[in-house]
Q: 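I have a structure here, written as structure tokens, and I will follow up with some questions on it.
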Amino acid sequence: MCILKDLSSTFDFISNFLQNVKLFGLPFVDRDAQLSINDRQLRLDFQLTTEEAFKYYSLGFLDQFYVINNNGEKYVVPGQNGVLNGALNLGDSDMELQNYHICISQLMNDKWNKNEKYYYRFLLPIKDVFWNRDIHTLWYKTGRTCSSGLIPINFPEGEVQMYPVYIGEQKYLAIESEMKCTYEMMQKYIYSISLSLGLVTSTIPFDYAYIVATETENFTDDLICGFTQMRPTIKGQYNFFTTNIYSILECLKRNHVDYAMKQLYDGATFKAHLQDWIQIDEFAKIVLMLYGKEALARATLILIESSTMSLDYQGAMCAVALETICSALEDSKDKPYMSNDDWKTKVKPSFDELINSLCKEEIIAEAHAVNMRNKLNSFNLGSNKDKLSLPFSKRNYTLSEQEKDVINSRNRFLHGHILGHCFEESFQEIMYASLELQKLCALLLFRESGFHGLIVNNAVLMGLNKATSVEEPVLV
């Protein structure tokens, strides 16, 4: 059975949004402008006289002003959300017209109250419905058209649905609240859903969003519409999850990793369905995990974005992501080996006595002694190495010796040390360490959410010698 969606009013809003408009409330005289989308921002193009341009070209960020469309609907550009741009050209006449534009990061209908609760529908631009390949979804119907791709997520406050929307040639990801919520809460739902899509598909959709808010759950009456700029969409280089086992096989063939192909076969039979789709409830658990733990959400963002950076930075960013994840999952670093009382009464005095004796005999300087005393209490605390290994054992994953070495080498990234002794060796070392750290981060995130499917080992997939020489599996 299809879920019914009425998108007619939303289609009308988006289809007619970019048009000629009137500006007022600006320092200069009210005038006509052309509204368009430029990259992730809205842009208002208009003309100023040379006299006006000379007077106002240095305004920079603008105070609140208004835009009225051809239907007489009034939109507000909040203060500090518009920037005046243009080149001042001193012509012969003060009345000569010059081209200027205003870049806008947010534009909302003047009926909107940010603190009120509404049913919200956000539409984010996408190039294709990329999640259908790996996540089981539901069908929905709008008009005569049925489409797959709908996923319901039950947040503590109520249900939010995500689904694809097609308007002409453009595709959108719609994220819609099935209950009334504030704008701030809706932003949190979108953030956790987008990051979860990133973890599963390596694409985190953002860029910008058309906003539709209403008092009625069917989104047909009294729509309050607008636009907001978001951070750029992130497209990671590497997938951690895939149901396309053929693509794994072809990649292994291309890189001559023959031993790893055995994992994809049962005797002579190719296991095309070795990896099942992520089910709706499994994806929802990933979303709720990131929604409930801000540190894990931030680590996911760092993890996906790290692969878009230069190789010089990837390892350091992945090391930060791993530390963040492990800190969020375990607090082992702050747990003492023995009680603080026993430490202070039975152990620490012996160290103090030794330090005092060494200082008295002038074997060590006083400054050295002070430094040693300051570090004494850390002797009773678990190491950072313990903190980074415990989350894996608690989630039934046994680290290999290679993985332990990579975890132990993370500080070399963080402190700027170079791996390897020549260019080619450094490239192989950094690439391998980065991919391993990414894999371990993804594995912890998936396991923490309750998903126990197979994770792609990209170091093997790419045929890196450090992974293939010990015959690491391509799926873990």
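These numbers come from a predicted model, not from an experiment.
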Q: Report, as yes or no, whether the 6.0 Å neighbourhood of atom OH on Y166 holds more than 12 heavy atoms from other residues, nucleotides or ligands.
A: yes
Q: Would you confirm whether D6, through its side chain, and S8, through its main-chain N or O, come within 3.5 Å as a donor-acceptor pair?
A: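 At least one qualifying donor-acceptor pair exists.
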Q: With a 4.0 Å cut-off on N to O distance, would you call E215 and K180 a salt bridge?
A: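 Here E215 pairs with K180 in a salt bridge, since their nearest N and O are under 4.0 Å apart.
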Q: Is the distance between the ring centroids of Y397 and F446 less than 6.0 Å?
A: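 Ring-ring flag for Y397/F446: false, centres at least 6.0 Å apart.
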Q: Ignoring hydrogens and geometry beyond distance, is a side-chain donor-acceptor pair present between T10 and R121 at under 3.5 Å?
A: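 Indeed, the side chains of T10 and R121 share at least one donor-acceptor pair under 3.5 Å.
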Q: Answer yes when E250 and K253 have at least one side-chain N-carboxylate O distance shorter than 4.0 Å, and no when they do not.
A: yes
Q: Can you confirm whether more than 12 heavy atoms, excluding those of K127, are under 6.0 Å from its NZ atom?
A: no
Q: So does K117 pair up with E157, basic N to acidic O under 4.0 Å?
A: no
Q: For the residue pair V474 and V257, establish whether any side-chain heavy-atom pair is separated by less than 4.5 Å.
A: no
Q: Scan side-chain atoms only and decide if T242 and Q275 contain a donor-acceptor pair under the 3.5 Å cut-off.
A: no
Q: Ring centroids only, cut at 6.0 angstrom: are Y100 and F46 within range, meaning strictly under it?
A: no
Q: Would you call the rings of F451 and F241 parallel, tilted or perpendicular, where under 30° means parallel and over 60° means perpendicular?
A: perpendicular
Q: Could you please spell out the steps behind the side-chain contact (heavy atoms from CB on, under 4.5 Å) verdict for E436 and N457?
A: CA-CA 8 Å; E436 283 293 287; N457 187 344; 3.4 Å; yes
Q: Going by distance alone, is a donor N or O of one side chain under 3.5 Å from an acceptor N or O of the other, for S105 and N81?
A: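 Result is yes, a qualifying pair exists.
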Q: Taking C-beta and beyond as the side chain, do L150 and T137 meet within less than 4.5 Å on heavy atoms?
A: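 Side chain of L150 against side chain of T137, heavy atoms only: no contact under 4.5 Å found.
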Q: So does N71 get a backbone contact from the side chain of N69, meaning a donor-acceptor N/O pair under 3.5 Å?
A: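 Yes, because the side chain of N69 sits within donor-acceptor range (under 3.5 Å) of the backbone of N71.
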Q: Between Y191 and Q187, is any side-chain donor less than 3.5 angstrom from a side-chain acceptor?
A: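 The answer is no; no qualifying pair exists.
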Q: Within the side chain of Q19, is there an N or O that forms a donor-acceptor pair under 3.5 Å with the backbone of N70?
A: yes
Q: Using modelled atom types and a 3.5 Å cut-off, is there a donor and acceptor pairing between side-chain atoms of T201 and backbone atoms of W131?
A: no
Q: Does R395 pair with E330 as a salt bridge, N-O distance under 4.0 Å?
A: yes
Q: If I take atom CG from residue L301 and atom CD1 from residue I304, how far apart are they, to the nearest 0.5 angstrom?
A: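 Taking CG in L301 and CD1 in I304, the distance rounds to 8.5 Å.
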Q: Examine distances only and state if a side-chain atom of Q263 and a backbone atom of P473 form a donor-acceptor pair shorter than 3.5 Å.
A: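 Side chain of Q263 to backbone of P473, a donor-acceptor pair under 3.5 Å: no, none is there.
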Q: Using 4.0 Å as the upper bound for N to carboxylate O, is an ion pair formed by E323 and R298?
A: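 No.
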Q: Taking C-beta and beyond as the side chain, do K114 and M108 meet within less than 4.5 Å on heavy atoms?
A: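 No. Closest side-chain heavy atoms not under 4.5 Å.
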Q: Is a side-chain N or O of S192 found less than 3.5 angstrom from the main chain of L290, in a donor-acceptor match?
A: no
Q: Using atom types as modelled and distance alone, determine if a side-chain donor or acceptor of N109 lies under 3.5 Å from a backbone N or O of C225.
A: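 Judged by distance alone, no pair lies under 3.5 Å.
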Q: Does any N or O in the side chain of Q170 come within less than 3.5 Å of the main-chain N or O of I126, such that one atom is a donor and the other an acceptor?
A: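 Yes; judged by distance alone, with no hydrogens or angles, the pair exists.
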Q: Would you call L195 and L296 a side-chain contact if the rule is heavy atoms closer than 4.5 Å?
A: no
Q: Parallel, tilted or perpendicular for Y119 and F219, by the 30°/60° rule?
A: perpendicular
Q: If we ignore hydrogens and angles and just use 3.5 Å, is the side chain of S400 paired with the main-chain N or O of E403 as donor and acceptor?
A: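 At least one qualifying donor-acceptor pair exists.
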Q: Compare all side-chain heavy atoms of C318 with those of L435 and state whether any distance is below 4.5 angstrom.
A: no
Q: Do the side chains of W277 and Q279 get nearer than 4.5 Å, heavy atoms only?
A: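 With C-beta onward as the side chain, the pair touches.
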Q: Decide yes or no for Y118 and I211: does some side-chain heavy atom of the first lie under 4.5 Å from some side-chain heavy atom of the second?
A: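 Result no, sub-4.5 Å side-chain heavy-atom pair not found.
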Q: Between Y75 and V21, is there a side-chain heavy-atom distance shorter than 4.5 Å?
A: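 SC-SC contact between V21 and Y75 ruled out.
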